[in-house]
Amino acid sequence: MTKSLNLKFEHGVRFLVEHFPPSDESSRKPVLFHDIRVGVYLYNHGYSEEIVLAGLLHDVIEWSDATGDMVRDEFGEQVLKLVLANTKDDTVKDRHEKTTELIKRCVANGQDALIIKTADILDSFKWYASQNNTEQLKYCMRNANAISKYKPNDFADLIFDELAIWRERFAHVGE
């Protein structure tokens, strides 16, 4: 954990704060805090600078006024690539197809992109479990099942084992 990464992480948080709209009581979850938790999870588990920063910023294009060009200019091409891999395609309307498309896109972009998506889903599992939100736990299960289905065998990282535990814990909610 370098001072450089700490400064870049702080820069990422400031970038999010500048561009995210505030969450309120009607929000499914406070997105800014969710993104910070995802970034901190990846940081605390010793992932690379690009994974940590892209994890922190994984929702920035989807949920804020920030653009891909802005992310590239501030954080570099690789971080942008990972953020874009984790950005939902809202032109896909069917929720199952949207999930499948996103997970397959993460897989196509490599293990790093799927690690970020997995950290995102782990945090969502934890949040929605704490809120007893069955509908959103179904969303988590849909993503966890797709990750399990499409993850290549050579994508070997402990985060996928952690996701399997959460997937088993909430198998009863279905998807």
Side-chain angles (χ1 to χ4, degrees), residues 12 16 20 23 26-48 50-64 78-175:
L16 289 174
F20 262 42
S23 298
S26 67
S27 303
R28 282 185 319 197
K29 64 183 169 193
V31 179
L32 176 63
F33 194 36
H34 160 73
D35 285 4
I36 291 170
R37 287 191 309 265
V38 170
V40 168
Y41 173 96
L42 295 165
Y43 176 92
N44 285 339
H45 284 82
Y47 288 99
S48 72
E50 289 80 13
I51 291 175
V52 170
L53 292 173
L56 174 67
L57 300 167
H58 75 275
D59 283 329
V60 74
I61 292 173
E62 189 175 329
W63 292 103
S64 81
Q78 182 61 21
V79 170
L80 174 62
K81 175 186 170 195
L82 293 170
V83 168
L84 290 174
N86 279 275
T87 300
K88 290 182 188 89
D89 180 352
D90 287 332
T91 66
V92 180
K93 297 303 177 194
D94 178 83
R95 64 185 182 176
H96 293 283
E97 289 176 25
K98 184 183 279 193
T99 299
T100 298
E101 187 279 330
L102 176 61
I103 300 306
K104 284 183 172 180
R105 184 163 18 97
C106 285
V107 167
N109 279 277
Q111 179 171 282
D112 292 356
L114 195 61
I115 285 170
I116 293 163
K117 184 61 185 170
T118 302
D120 172 26
I121 295 305
L122 285 171
D123 185 76
S124 292
F125 261 128
K126 293 169 188 174
W127 172 257
Y128 293 126
S130 77
Q131 303 299 302
N132 296 313
N133 188 328
T134 303
E135 279 308 303
Q136 291 304 315
L137 286 168
K138 289 178 182 180
Y139 160 81
C140 294
M141 282 300 296
R142 191 169 56 250
N143 280 272
N145 289 337
I147 290 168
S148 176
K149 180 177 181 176
Y150 297 110
K151 179 187 74 63
N153 290 334
D154 64 335
F155 281 22
D157 190 278
L158 292 176
I159 197 169
F160 302 123
D161 297 335
E162 185 176 349
L163 183 65
I165 293 166
W166 281 87
R167 188 171 165 239
E168 183 177 317
R169 179 177 171 197
F170 287 99
H172 66 280
V173 302
E175 47 173 300

Would you say the side-chain atoms of His34 pair up with the backbone N or O of Val31, donor to acceptor, closer than 3.5 Å?
no
Check [X] against [Y] and note the closest heavy-atom contact, atom names and distance.
X: Ala119; Y: Leu42; result: CB-CD2, 3.8 Å
X: Asp154; Y: Gln111; result: O-OE1, 3.9 Å
X: Leu137; Y: Ala129; result: CD2-N, 3.8 Å
X: Ala54; Y: Leu82; result: CB-CB, 3.5 Å

Residues which pass side-chain hydrogen bond (donor to acceptor under 3.5 Å, both in side chains) with [X], listed by chain and number, not counting sequence neighbours:
X: Ser148; result: Arg167
X: Ser130; result: none
X: Ser124; result: Lys29
X: Asn133; result: none

With His96, which residues qualify under ring-ring contact (aromatic ring centres under 6.0 Å, His included), at least two apart?
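For His96, no residue satisfies ring-ring contact (aromatic ring centres under 6.0 Å, His included) once neighbours in sequence are set aside.
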Partners passing ring-ring contact (aromatic ring centres under 6.0 Å, His included) against Tyr128 (at least two apart in sequence or in another chain):
none
Nearest 0.5 Å please: distance from the [atom1] atom of [X] over to the [atom2] atom of [Y].
X: Leu102; Y: Asn143; atom1: CG; atom2: CG; answer: 6.5 Å
X: Phe125; Y: Thr118; atom1: CZ; atom2: OG1; answer: 10.5 Å
X: Met141; Y: Trp166; atom1: CE; atom2: CH2; answer: 12.0 Å
X: Asp112; Y: Cys106; atom1: CG; atom2: SG; answer: 11.0 Å
X: Ile147; Y: Ile115; atom1: CD1; atom2: CD1; answer: 11.0 Å
X: Asn86; Y: Ile116; atom1: CG; atom2: CD1; answer: 5.5 Å

Taking only residues two or more places apart in sequence or in another chain, which ones pass side chain to side chain contact (heavy atoms under 4.5 Å, CB included) with Leu16?
Phe20, Leu32, Asp35, Leu56, Leu57, Val60
May I have all residue pairs that pass salt bridge (Lys or Arg N to Asp or Glu O under 4.0 Å) and include part of residues 120-139, sequence neighbours excluded?
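Qualifying pairs, neighbours excluded: Arg37-Asp123, Lys117-Asp120, Lys126-Glu162, Glu135-Lys138.
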Only pairs at least two apart or in different chains count here, so list each salt bridge (Lys or Arg N to Asp or Glu O under 4.0 Å) that has a residue in residues 139-152.
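Non-adjacent pairs meeting salt bridge (Lys or Arg N to Asp or Glu O under 4.0 Å): zero.
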Just to verify, what does Arg105 make a salt bridge (charged side-chain N to carboxylate O under 4.0 Å, His left out) with, not counting sequence neighbours?
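Partners of Arg105 under the salt bridge (charged side-chain N to carboxylate O under 4.0 Å, His left out) test: Glu101.
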Going by the rule salt bridge (charged side-chain N to carboxylate O under 4.0 Å, His left out), which residues pair with Asp90 if we only count those two or more places apart in sequence or in a different chain?
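Salt bridge (charged side-chain N to carboxylate O under 4.0 Å, His left out) check on Asp90 returns Lys98.
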Is there any ring-ring contact (aromatic ring centres under 6.0 Å, His included) pair reaching into residues 138-158, and which pairs are they, with sequence neighbours excluded?
none
Answer whether the closest heavy-atom distance between the side chains of Val92 and Thr100 falls below 4.5 Å.
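No, side chains not in contact.
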Does Asn153 CG have over 12 foreign heavy atoms under 6.0 Å away?
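Not buried by this count: 12 neighbours or fewer within 6.0 Å.
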